[in-house]
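Take a look at the structure set out below.
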Amino acid sequence: MPNWGAAVLHSYGKGPPCTSMHLNAVAKRVDKPRPLIPMNPTLESLRQAAKNCRACDLWRTGTQTVFGGGAAHPKIMFVGEQPGNQEDIEGKPFVGPAGKLLDSALEEAGIDRSKTYVTNAVKHFKWEPRGKRRIHKKPNAAEINACRPWLDAEISVLKPQVIVCLGATAAQALLGRDFRVTQHRGELMKSPLAPYIMATVHPSSILRAPDEETRHAEMQRFIEDLRAVKKFV
């Protein structure tokens, strides 16, 4: 019998008599697409299962599921928002402009990316057309919640020492909707998800800086945030 994962199990409790209307309503809930989390998951089994995820409608417009990637036993796990245009094409996380900036910051901070694991809160690219370009569109709460079982499964399999949330979407997905990166940026906090969790900005926010001076300052601050987790490598 498939294991649908704790996040997609439903308890209907004691309801009205089993009329045909009631049964049809239950059937609609049961038939709703949901993530299929394998029993005794491994990274590879999760990656293969996620290819067929229909938990939200983003699979209809994304080229493919973009699952996490990196070390099999990382001490540090990075969680971003969602794949971008380049990630959607290549099927790998953080390979576009934001990924290249992350690589540079990690190198400056003395962290080998190959010894970390990088993923996103949402595994499909959400976009809107602008001419011939596909422009990033922020995922909504329903889409983030639909993808949460995959992220939980990744964390459970990897068991990282520290999770670094890159940006508000990732931070609020794991730390609650009231969490503000601006108030707790760079703080190492204890968490039931991992021994420690930290939030900082998403690399894409640095790319959007209005001028070179601001971009340089923000990059240096981002590097300092990353240095706070270097000891876990």
Donor-acceptor pair, side chain of E90 and main chain of G96, under 3.5 angstrom = no
Going through the distances and angles, do Q82 and C147 end up as a side-chain contact (heavy atoms from CB on, under 4.5 Å)?
-> CA-CA 10 Å; Q82 66 165 342; C147 236; over 6 Å; no
State, with a plain yes or no, whether a side-chain heavy atom of R148 is found less than 4.5 Å away from one of L174.
-> yes
Return yes if some donor-acceptor pair links the side-chain N/O of T65 with the main-chain N/O of F67 below 3.5 Å, else return no.
-> no
Is any side-chain heavy atom of F125 less than 4.5 Å from a side-chain heavy atom of N120?
-> no
Any side-chain heavy-atom pair of N52 and W59 under 4.5 Å = no
At their closest point, which heavy atom of Q64 faces which heavy atom of G91, and how far apart are they?
-> NE2-N, 3.3 Å
Got a donor-acceptor contact below 3.5 angstrom from the D88 side chain to the T63 backbone?
-> yes
Evaluate the criterion side-chain contact (heavy atoms from CB on, under 4.5 Å) for residue pair T200 and F78; output intermediate values, then yes/no.
-> CA-CA 10 Å; T200 183; F78 292 97; over 6 Å; no
Full working for side-chain contact (heavy atoms from CB on, under 4.5 Å) between R134 and I89 = CA-CA 11 Å; R134 300 189 302 171; I89 293 170; 3.9 Å; yes
Considering all heavy atoms, the nearest F94-G80 contact = CZ-CA, 4.0 Å
Of all the heavy-atom pairs spanning P38 and P41, show the shortest one and how long it is.
-> O-CD, 3.4 Å
How about I76 and V164: do any of their side-chain heavy atoms sit closer than 4.5 Å?
-> yes
Do you know the tightest heavy-atom contact between S114 and A71?
-> O-CB, 3.5 Å
Inspect the contact between R60 and E143 and indicate whether a charged nitrogen and a carboxylate oxygen are less than 4.0 angstrom apart.
-> no
Indicate if F179 and V201 have the same hydrophobic cluster label, given that clusters are the connected sets of ILVMFWY residues with side-chain heavy-atom separations under 4.5 angstrom.
-> no
Please find out if less than 6.0 Å separates the ring center of F232 from that of Y196.
-> yes
Separation between CD1 (I206) and CG (L101), nearest 0.5 Å, reads 5.0 Å
Using modelled atom types only, decide if a donor and an acceptor are shared between the side chain of E87 and the backbone of V95 within a distance under 3.5 Å.
-> yes
Closest non-hydrogen atom pair between S204 and A98, with its separation | N-CB, 4.0 Å
Are L158 and I197 connected in the hydrophobic side-chain network, where two residues link if heavy atoms are under 4.5 Å apart?
-> yes
R180 side chain reached by Q172 side chain, heavy atoms, under 4.5 Å = yes
Residues V66 and P93: closest non-hydrogen pair is CG1-N, 3.7 Å
Under 3.5 Å donor-acceptor, R113 side chain and D103 backbone | no
Tell me, with the steps shown, if E224 and R221 meet salt bridge (Lys or Arg N to Asp or Glu O under 4.0 Å).
-> CA-CA 5 Å; E224 286 303 311; R221 191 178 177 194; over 6 Å; no
Sub-4.5 Å side-chain heavy-atom contact between L188 and V229 = yes
Answer whether the closest heavy-atom distance between the side chains of P160 and Y117 falls below 4.5 Å.
-> no
How long is the gap from CD on Q86 to NZ on K92, to the nearest 0.5 Å?
-> 11.0 Å
Roughly how far, to the nearest 0.5 Å, is the CD1 atom of I155 from the CE atom of M77?
-> 5.0 Å
How many angstroms lie between CG in N85 and CZ in R133, if you round to the nearest 0.5 Å?
-> 9.0 Å
Linking I/L/V/M/F/W/Y whenever their side-chain heavy atoms sit closer than 4.5 Å, directly or via other members, would M198 and L166 fall into one cluster?
-> yes
What do you reckon, is CD of E107 surrounded by more than 12 foreign heavy atoms closer than 6.0 Å?
-> no
Is the number of heavy atoms from other residues, nucleotides or ligands under 6.0 Å of H184 NE2 greater than 12?
-> yes
NZ/K126: more than 12 non-hydrogen atoms of other groups inside 6.0 Å | yes
Does CD in E128 sit with more than 12 non-hydrogen atoms of other residues, nucleotides or ligands closer than 6.0 Å?
-> yes
Spatial distance of atom OG1 (T116) from atom NZ (K75) [nearest 0.5 Å] | 13.0 Å
Does the pair E44/R47 count as a salt bridge with the N-to-O cut at 4.0 Å?
-> yes
Cluster check L36, L58: I/L/V/M/F/W/Y, side chain < 4.5 angstrom | no
How many angstroms lie between atom CD1 of I37 and atom OG of S45, to the nearest 0.5 angstrom?
-> 9.0 Å
Please check if the side chain of R227 supplies one atom and the backbone of E108 the other of a donor-acceptor pair under 3.5 Å.
-> yes
K123 with E154: basic N within carboxylate O range, under 4.0 Å | yes
Check: V157 and T42 side chains under 4.5 Å, non-hydrogen atoms | no
Establish whether V118 and V79 are linked, either directly or via other cluster members, by ILVMFWY side-chain heavy-atom contacts under 4.5 Å.
-> no
